[in-house]
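Remarks on the structure that follows.
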2 protein chains.
Amino acid sequence: MVKKSFGDMHCTLAQALDVIGEWWSMLIVRDFFFGGGVRRFEQLRDGLGISRNILTERLRTLTDAGVIERIPLREGGKRCAYQLTAKGEALMPVMIAMMQWSEEWQCTPEQRFIVVRDRETGEEVAPLELRSADGRAVKMQDLFITAIGPDGERRVTEWPLPISEPDAMQSQGS
Amino acid sequence: MVKKSFGDMHCTLAQALDVIGEWWSMLIVRDFFFGGGVRRFEQLRDGLGISRNILTERLRTLTDAGVIERIPLREGGKRCAYQLTAKGEALMPVMIAMMQWSEEWQCTPEQRFIVVRDRETGEEVAPLELRSADGRAVKMQDLFITAIGPDGERRVTEWPLPISEPDAMQSQGS
DNA sequence: GTATTATAGTTTCATTAAGAGACTAGTTCT
DNA sequence: AGAACTAGTCTCTTAATGAAACTATAATAC
């Protein structure tokens, strides 16, 4: 078994998971948002209850991927802070999508720990919505998925696929 | 060490990760979307290259969490298909947020594998945008985060936190 | 009806990752 | 200088992962 990775999969989701899909990674990112984009080693450790060796490893992975960067507090010094890069800040929608899904489908309101608010109004941000290129809100039923293979792009499926005909399922490659 | 879990953390993100944060889980969900919401055991295994025992375990976790459900193909039969529930379909924005982040920040266009399109126009869905409650698009800089503790809600941080004063960082609890 | 194949797993075993806690080199404070 | 803190590393134990073999049932072929 080599290093656990989806890196060689031909899929942008797999590539994303290779960076943020490991155990602890998204919680570390959350703690950065929580701290205004800047955290230090012990701060992360205390806040998350993660063990030092795992934290070390995750910080290295995130740094290598360019999600955070190491910032020495004194030049030449060993002590440092870690700071979200633009790439790391761009994970905000991912985090919010997860939290909103969780809030809607499996958590009670009391389990909420952080809330993201608009500075201008103080209101919480709106639920993320899928939109078409021309700005209409779209639902699952308004979408279809295409797959890109060596032979170009081809439509794969529409929903909902009726489950009534088991034979029809045999023919679907993956 | 008990079963690896964030379940007892007081945080909706941790609760979400407890269900979809394990290795393979989101890729399994992707494969369901790819298959129109319906997949069978061997189909998932072949498509992902996951080993059977891990697939069995992930399907159980996802079923227990209500993300997918088991549908017998014949009544009383052992063979079944798995189908996304409404809770599972609601993961679409999470998946799209991850893919869009990956496409923008770390993948080449050639690494794309699936594309989600609007049925009406055939155009790809728009990038997810954070919006305020009254519908304005907002950026990171327009937001602040509050934390909910036993003592109610309190503002935590605004960005960007200047890194110039190391002493200022000592006072931030987490 | 019987043989064959496919399906949806389970079991076993080897390898890798995670977690707890002790330890450490360099920094900062007193 | 001495004490305390920071950001790790090291060691050891336990848990998760993966490959491959095995199994019970269901569907299909003969």
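Below, chains carry the letters A, B, ... as their sequence lines are ordered, and counting in each starts from 1.
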request  = Return the orientation label for the Phe6(B) and Trp23(A) ring planes: parallel under 30°, perpendicular over 60°, tilted otherwise.
outcome  = parallel
inquiry  = Salt bridge check, Glu120(A) against Arg136(B): does any charged N sit closer than 4.0 Å to a carboxylate O?
reply    = yes
request  = Could you tell me the separation between the CG atom of Leu73(B) and the C1' atom of dT28(D), rounded to a whole number of Å?
outcome  = 16 Å
ask   = Charged N to carboxylate O under 4.0 angstrom, Arg60(B) versus Glu57(B)?
value = no
Length of the line joining Glu57(B):CD and dA15(D):C1', which is rounded to integer Å = 11 Å
inquiry  = As a test of reading the structure: which of dA7(D), dT7(C), dG18(D) is closest to the side chain of Phe41(A), going by heavy atoms?
reply    = dA7(D)
request  = Could you check if a side-chain atom of Arg79(B) sits within less than 4.5 angstrom of a side-chain atom of Phe41(B), using non-hydrogen atoms only?
outcome  = no
task = Could you check which of dG21(C), dG8(D), dA19(D) has an atom nearest any side-chain atom of Ser51(B)?
result = dA19(D)
ask   = If you check every side-chain atom of Asn53(B), which of dT9(D), dA16(D), dA19(D) has the closest atom?
value = dA19(D)
note = Ile50(B) atom CD1 is separated from dA19(D) atom C1', nearest whole Å, by 13 Å
request  = Rounded off to whole Å, could you give me the CZ-to-P distance for the Arg52(B) and dT10(C) pair?
outcome  = 12 Å
query = Of all the nucleotides listed (dG9(C), dT25(D), dG18(D)), which has the minimum atom distance to the side chain of Arg79(B)?
reply = dT25(D)
message = When you measure from the side-chain N and O atoms of Trp24(B) to the phosphate of dG18(D), is any distance below 4.0 Å, counting only OP1 and OP2?
response = yes
inquiry  = Distance check needed: dA26(D) C1' versus Arg40(B) CZ, whole Å only.
reply    = 10 Å
inquiry  = Rounded to whole Å, please give me the gap between CG in Leu55(B) and P in dT17(D).
reply    = 13 Å
query = Closer than 4.0 Å, any side-chain N/O of Arg70(B) to the OP1 or OP2 of dG9(C)?
reply = yes
message = If you compare every side-chain N and O of Tyr82(A) against the phosphate oxygens of dT6(D) (OP1, OP2), does one of them come in below 4.0 Å?
response = no
inquiry  = Using side-chain heavy atoms (C-beta onward) and a distance below 4.5 Å, is Asp31(B) in contact with Gln43(B)?
reply    = no
query = Quick one: Gln43(B) CD to dA6(C) C1', roughly how many Å, whole number?
reply = 14 Å
task = Return the 5'-most residue of the pair Arg60(A), Phe6(A) with respect to DNA chain D, ranking by each residue's nearest nucleotide.
result = Arg60(A)
task = Select one nucleotide: of dT9(D), dG18(D), dT7(C), the one nearest the side-chain heavy atoms of Thr56(A).
result = dT9(D)
ask   = In whole Å, what is the span from the CH2 atom of Trp23(B) to the C1' atom of dA15(D)?
value = 17 Å
task = Please evaluate the base of dA8(C) for a donor-acceptor partner in the side chain of Arg45(B) within a cut-off of under 3.5 Å?
result = no
remark   = With the side chain defined as heavy atoms from C-beta on, Glu42(B) is closest, among dG21(C), dA8(C), dG8(D), to dA8(C)
